[in-house]
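One structure is given here, and the rest of the page talks about it.
Chain letters run A, B, ... following the sequence lines, proteins first, then strands; residues in each count from 1. Excluded from the calculations below are hydrogen atoms, water molecules and symmetry mates; all remaining heavy atoms, backbone and side chain alike, are included.
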Number of protein chains: 2
Amino acid sequence: MPSSPGRQRTPRTSLSRERILAAAVQVADERGIASVTMRKVAEHLGVEAMSLYHHVANKDEILDGIVDVVFGEIELPVGQFDWKTTMRRRAVSARHVLARHPWALGLMESRRHPGPSTLRHHDSVIGSLRAAGFSIGMAAHAFSALDSYIYGFVLQESNLPFRTTEELEDMAETIVQRMPAGVYPHLAEMIADHALQPGYAYGDEFTFGLDLILDGLERALLGPGAPARGGPFRQTGADRSAPPPPG
Amino acid sequence: MPSSPGRQRTPRTSLSRERILAAAVQVADERGIASVTMRKVAEHLGVEAMSLYHHVANKDEILDGIVDVVFGEIELPVGQFDWKTTMRRRAVSARHVLARHPWALGLMESRRHPGPSTLRHHDSVIGSLRAAGFSIGMAAHAFSALDSYIYGFVLQESNLPFRTTEELEDMAETIVQRMPAGVYPHLAEMIADHALQPGYAYGDEFTFGLDLILDGLERALLGPGAPARGGPFRQTGADRSAPPPPG
DNA sequence: GCCGTATCTTACAAGTGTAAGGATCAGCGG
DNA sequence: CCGCTGATCCTTACACTTGTAAGATACGGC
């Protein structure tokens, strides 16, 4: 408890690694990842740039850190529902979190040091799948497929240059203008007869693909038949334990 | 045709928008997207920075341009196969191209002006789906699901800090070191008993998820039942009613 | 009052996009 | 052959911004 403030500045021990990361996340959200500089982050905290170096080693640590902060915001799978519901909730949460911090996906490409929240998250997902009966190999398949879909969807969502219907109409007009003689006819049709229809929102596409994958995984889990390809995948026997080192 | 070179420099009319974009792509591939500066690109062409401004308006035009160059490298769907094969070939090509230029995904987030190759690509994909009998809405679903998966997979592929088995082992060791008392047990199991097994390559996961989506789409196309959302769907009669593909 | 630490001030060297104007060239009419 | 013209390329320069090193200063707890 700060006894006698006297000054308008925040009390002395206000700075901390956590507060710095939180400020960096806020700056990235508001002004884009390129605006995350030591000075801007410090300014956001009412502090000078050099002060940050008493709590973080350098800028890279901040970048690694905020990626982990984002992963920490994703709802962890809890075991009270069936695996499908759990995975769906996790996916929906991940989508919302990543949509709130779209720069996080771009950062992933350049970061090579997963933080504790990230590892915890991955561990929890794999654990849920294993508990549901997926073999190691099938859990890897499921994990990869689900996360790929989630990441890619968010990427497209933040890529498509329209978030409001208004922006979409502007964008559509721009595209239509670039079709002097009916080039891109199918694109035009999709925009006019689908995307511009009242009530359309790209975000709604998410559940379709998600359920497509979840249902496919369920089929792979229940019926050991060939869920994909028509061939190779079976989840019985050989897959059940650690794969025999070939040769 | 340069008549008398005389000098060692490239002939006069060597520069062009295309050559500039190609050089920018090369710089991004070799040194990362952050190294794509006017000076570096110019240097790669044996030219000074300001010379570029005679062929491109500014740096943004270069960034928009190289994203479009990448999309231009993706194999366009051709109509000689069934839609599933076509989509699979397209997806595999897209994955390879994007893996070759991993910075392109990060750029997408900040670019708002799709170029002609991008539009042509999207148009072609939608056209293939429509020709196969997908309704507009279902084509939108399919397009979204497939591209989300492709983008996300590439993102993960370039995110995972290992491309060679050697790097993977280093990485695994690092992670294992961070588990003093068996935190992340499932992650540890997956790394030890799966990812580190001989012959494992993350890239192989691609086809599993891809075929999962393609098979799901096929089911949605054949039996127009509710493929997503509802319970574990089956292919029998009950679903048969559903929205008739708009005539 | 003293001490260690958290914070601020100052500074630097490097790198950025690009504006303004000078140099160099090919192709041309004389 | 000459010199002109207009495009293309180079040189110089500017105004910023970046991460962070070094040292001075202010503060809370003893």
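To the nearest angstrom, P of dA6(C) lies 16 Å from CZ of R17(A). E48(B) places its CD atom 15 Å from the P atom of dA13(D), with the value rounded to the nearest Å. As a whole-Å value, the separation of E61(A) CD from dG19(D) P is 15 Å. In this structure, CD1 of I20(B) is placed 12 Å from C1' of dT8(D), rounded to the nearest angstrom. dC25(C) atom P lies 16 Å from atom CG of L15(B), rounded to whole Å. At whole-Å resolution of the value, CG in L52(B) and P in dC9(D) are 9 Å apart. Counting to the nearest Å, the C1' atom of dT20(D) and the CD1 atom of I62(A) are 12 Å from each other.
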Q: Dump the intermediate steps for salt bridge (Lys or Arg N to Asp or Glu O under 4.0 Å) on R130(A) and D123(A), then the final yes or no.
A: CA-CA 10 Å; R130(A) 293 287 284 150; D123(A) 187 72; over 6 Å; no
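For residues 37-66 of chain B, the set of pairs meeting the ring-ring contact (aromatic ring centres under 6.0 Å, His included) definition, not counting sequence neighbours, is empty.
Annotation: salt bridge (charged side-chain N to carboxylate O under 4.0 Å, His left out) contacts of E75(A) (sequence neighbours excluded): R89(A). Scanning for salt bridge (charged side-chain N to carboxylate O under 4.0 Å, His left out) contacts around R17(A) gives E61(A), with sequence neighbours left out. Residues satisfying the ring-ring contact (aromatic ring centres under 6.0 Å, His included) criterion with H186(A), sequence neighbours excluded, are absent altogether. Every residue was checked against the side chain to side chain donor-acceptor pair (under 3.5 Å) condition with D204(A), not counting sequence neighbours, and none meets it.
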Q) Once each nucleotide of nucleotides 16-22 of chain C is scored for protein heavy atoms under 4.0 Å, what B/S/- sequence comes out, 5' to 3'? A) BBBBB--
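The phosphate of dA6(C) (OP1 or OP2) has no side-chain N or O of S51(A) nearer than 4.0 angstrom. One finds a side-chain N or O of H55(B) lying less than 4.0 angstrom from the OP1 or OP2 phosphate oxygen of dC9(D).
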